[in-house]
Asks: 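Here it is: the structure, laid out below.
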Amino acid sequence: MHLYVVTHKKFICPQLNGYIPIQVGRLFTNVNLDFLSDDTQDNIAYKNNTYCELTALYWMWKNDNSNMNDDIGLCHYRRYFTKNPFSKSEKYFITQSDVESDLAKVDIILPKKVFLKTTVEEKYSLTGSGFKKDLDVLRNIFENKYPEYLNDYDAIMNGKEQYFWNMFVCSKKLMDEYCNWLFDILDELEKKIDIKNYTKQQARIFGFISERLLNVWIKNKNLKSKEYYIVNTDQKCFERIKFNLGVMLKKRKL
């Protein structure tokens, strides 16, 4: 198992077999954390301000030396799949043994779904992080290039539940299939929208949109999944408990 933990600051990576810290954004800060970095080998590190954690995903796709049947995954900025949503102790984080056992029965490991007050499309625009006009361009790409995904795209965007954070664990083969699809769509989207007047937050569009696209791909492929709670180790105890109680009770918190 290669489970990459994305970070832009120093932290103590879980001392569990298979967990690998990967630094993003070093190209812009010149801060060297002495971790594997997204600006080495075949990379798109220069896009980190707009692609967020996807520069780590791209690095995994192009440079990880796993065999096609090996397990690989991404943890979003010191967030972890856990068996205890109220503790940030690594003793509850999923292990290589858990992953092997789960992926013998399912296709992919994902976070618990988050239930929303609004539709996925409305949520994207209401946060102030994105614009509906960009989603209109995205939908047009599906119409013209990936029409077989269009019904699933509409179902996800008009629904009120979503997997967040671009977190997953699956086989390297499955991840490669996903990345071929994802980065092709994002490349098309980059060509069709102008973000030069966007704020720093709004310019992170491709990272934000990819969170929605992972849901579309999973639905279209009809993948069988195992879900785990996510623990954000940067959160205070109260915040962590409040969030995961909301997820557990399917209370719309976002």
Side-chain angles (χ1 to χ4, degrees), residues 42-44 46-64 68 72-74 76 103 106-111 113-114 116 118-127 129-195 198 202-225 227:
D42 187 351
N43 72 84
I44 55 168
Y46 65 95
K47 293 185 178 185
N48 183 251
N49 288 337
T50 57
Y51 271 60
C52 311
E53 65 277 0
L54 295 186
T55 58
L57 178 60
Y58 185 93
W59 191 98
M60 294 159 54
W61 175 36
K62 293 297 186 178
N63 303 300
D64 184 90
M68 288 296 100
I72 189 169
L74 183 146
H76 177 278
L103 293 183
V106 302
D107 302 306
I108 192 167
I109 293 170
L110 296 166
K113 281 185 178 178
V114 174
L116 309 175
T118 62
T119 67
V120 171
E121 181 176 272
E122 290 168 339
K123 175 65 179 175
Y124 178 81
S125 303
L126 288 173
T127 58
S129 299
F131 302 100
K132 186 179 183 302
K133 64 182 179 65
D134 295 329
L135 295 182
D136 293 338
V137 174
L138 177 63
R139 190 179 188 280
N140 184 255
I141 291 172
F142 276 100
E143 284 184 312
N144 293 314
K145 194 165 187 178
Y146 291 99
E148 69 274 21
Y149 285 86
L150 189 59
N151 288 340
D152 297 308
Y153 174 85
D154 287 339
I156 291 296
M157 300 304 284
N158 292 319
K160 292 186 175 182
E161 55 188 53
Q162 181 185 335
Y163 298 115
F164 276 88
W165 309 298
N166 283 318
M167 290 180 63
F168 66 89
V169 189
C170 63
S171 70
K172 179 67 162 56
K173 181 178 184 294
L174 195 60
M175 188 197 77
D176 285 356
E177 291 176 8
Y178 171 60
C179 287
N180 272 303
W181 176 84
L182 172 68
F183 286 103
D184 182 57
I185 292 172
L186 296 181
D187 184 60
E188 286 293 314
L189 191 61
E190 271 194 284
K191 296 173 184 176
K192 296 177 183 295
I193 61 173
D194 183 0
I195 65 171
Y198 283 18
Q202 291 162 352
R204 298 168 66 194
I205 174 175
F206 305 107
F208 295 145
I209 280 180
S210 67
E211 289 183 278
R212 282 75 185 171
L213 293 181
L214 177 59
N215 291 257
V216 176
W217 184 74
I218 289 166
K219 180 174 176 59
N220 181 269
K221 298 301 180 184
N222 196 28
L223 299 181
K224 188 176 181 181
S225 65
E227 297 181 6

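Count residues from 1 along the sequence.
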Asks: Does the pair Leu57 and Leu182 meet the rule for a side-chain contact (heavy atoms from CB on, under 4.5 Å), with working shown?
Replies: CA-CA 11 Å; Leu57 178 60; Leu182 172 68; 4.0 Å; yes

Asks: If you define the side chain from C-beta out and look only at heavy atoms, does anything of Glu161 sit under 4.5 Å from Leu116?
Replies: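 Side chain of Glu161 against side chain of Leu116, heavy atoms only: no contact under 4.5 Å found.
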
Asks: Relative to each other, are the rings of Tyr58 and Phe183 parallel, tilted or perpendicular (30° and 60° limits)?
Replies: perpendicular

Asks: Output yes when Arg212 and Glu121 qualify as a salt bridge under the 4.0 Å nitrogen-oxygen rule, no when they do not.
Replies: no

Asks: Going through the checks in order, is the side-chain contact (heavy atoms from CB on, under 4.5 Å) test met by Leu214 and Phe164?
Replies: CA-CA 9 Å; Leu214 177 59; Phe164 276 88; over 6 Å; no

Asks: Where do Pro111 and Met167 come nearest, in terms of heavy atoms and distance?
Replies: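 Shortest heavy-atom contact: CD-O, 3.4 Å.
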
Asks: Going through the checks in order, is the side-chain contact (heavy atoms from CB on, under 4.5 Å) test met by Tyr124 and Ile209?
Replies: CA-CA 8 Å; Tyr124 178 81; Ile209 280 180; 3.7 Å; yes

Asks: Measuring only between side-chain heavy atoms, which start at C-beta, is Leu138 closer than 4.5 Å to Leu213?
Replies: yes

Asks: Would you say the side chain of Met157 lies within less than 4.5 Å of the side chain of Leu135, judging by non-hydrogen atoms?
Replies: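 In short, these two side chains touch, coming nearer than 4.5 Å.
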
Asks: Which heavy atom of Gly207 sits nearest to which heavy atom of Cys52, and what is that distance?
Replies: CA-SG, 4.1 Å

Asks: Once side chain to side chain contact (heavy atoms under 4.5 Å, CB included) is applied, do any residues pair with Asp64, and if so which ones, sequence neighbours excluded?
Replies: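 If we apply the side chain to side chain contact (heavy atoms under 4.5 Å, CB included) test to Asp64, skipping adjacent residues, the hits are His2, Tyr4, Ser66, Ile72, Lys172.
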
Asks: Are side-chain heavy atoms of Ile108 and Val169 found at a separation under 4.5 Å?
Replies: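 Ile108 does not reach Val169 side chain to side chain.
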
Asks: Below 4.5 Å, heavy atoms only, C-beta onward: do Trp61 and Tyr178 meet side chain to side chain?
Replies: no

Asks: Has the side chain of Asn220 got a donor or acceptor atom that lies under 3.5 Å from a matching backbone atom of Val216?
Replies: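 It does not hold such a pair.
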
Asks: Under 6.0 Å from the NZ atom of Lys224, do we count more than 12 heavy atoms belonging to anything else shown?
Replies: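 No, NZ of Lys224 has 12 or fewer neighbouring heavy atoms, counting only those of other groups under 6.0 Å.
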
Asks: Is a side-chain donor or acceptor of Glu122 paired with a backbone partner of Thr119 at a separation under 3.5 angstrom?
Replies: yes

Asks: Are Leu189 and Val137 close enough that some pair of their side-chain heavy atoms sits under 4.5 Å apart?
Replies: yes

Asks: Looking only at non-hydrogen atoms, find the nearest pair between Met60 and Gly73 and report the distance.
Replies: CE-O, 3.3 Å

Asks: Under the ring pair (Phe, Tyr, Trp, His ring centres under 6.0 Å) criterion, do Phe168 and Tyr163 qualify, and how do the steps go?
Replies: CA-CA 10 Å; Phe168 66 89; Tyr163 298 115; over 10 Å; no

Asks: Consider only side-chain N and O atoms of Asn166 and Ser210, and report whether a donor and an acceptor are under 3.5 Å apart.
Replies: yes

Asks: Among residues at least two apart in sequence or on other chains, which ones pass side chain to side chain contact (heavy atoms under 4.5 Å, CB included) with Asn140?
Replies: Glu143, Asn144

Asks: Hey, is Glu227 close enough to Lys113 for a salt bridge, meaning N to O under 4.0 Å?
Replies: no

Asks: Aromatic rings Phe142 and Tyr149: how do their planes relate, parallel, tilted or perpendicular, breaks at 30° and 60°?
Replies: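 It falls in the tilted class, 30° to 60°.
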
Asks: If I compare all heavy atoms of Ile205 with all of Ile195, which pair ends up nearest, and what's the gap?
Replies: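 Shortest heavy-atom contact: CG2-CG2, 4.2 Å.
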
Asks: Working to the nearest 0.5 angstrom, can you tell me the gap between Ile141 CD1 and Asp187 CG?
Replies: 9.0 Å

Asks: Please check if the number of heavy atoms outside Lys47 that lie under 6.0 Å from its NZ is greater than 12.
Replies: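 Counting neighbours around NZ of Lys47, more than 12 heavy atoms of other residues, nucleotides or ligands fall under 6.0 Å, so yes.
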
Asks: So, Asp42 side chain and Asn63 main chain: donor-acceptor pair closer than 3.5 Å or not?
Replies: no

Asks: Can you give me the closest heavy-atom contact between Glu211 and Trp165, atom names plus distance?
Replies: OE2-N, 2.6 Å

Asks: State whether the side chain of Asn158 and the backbone N or O of Asp154 hold a donor-acceptor pair below 3.5 Å, judged by distance alone.
Replies: yes

Asks: Taking the side chain as every heavy atom from C-beta outward, state whether Asp176 and Trp181 have any atom pair closer than 4.5 Å.
Replies: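 No; the side chains remain at least 4.5 Å from each other.
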
Asks: Around atom NZ of Lys62, are there more than 12 heavy atoms from other residues, nucleotides or ligands closer than 6.0 Å?
Replies: yes

Asks: Identify whether the distance between the nearest side-chain nitrogen and carboxylate oxygen of Asp134 and Lys192 falls below 4.0 Å.
Replies: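 Salt bridge between Asp134 and Lys192, a charged N being under 4.0 Å from a carboxylate O: no.
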
Asks: Is there side-chain contact between Ile185 and Tyr146, with at least one heavy-atom pair below 4.5 Å?
Replies: yes

Asks: Please determine if Asp107 and Lys221 form a salt bridge, counting it only when a charged side-chain N lies under 4.0 Å from a carboxylate O.
Replies: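 Salt bridge between Asp107 and Lys221, a charged N being under 4.0 Å from a carboxylate O: no.
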
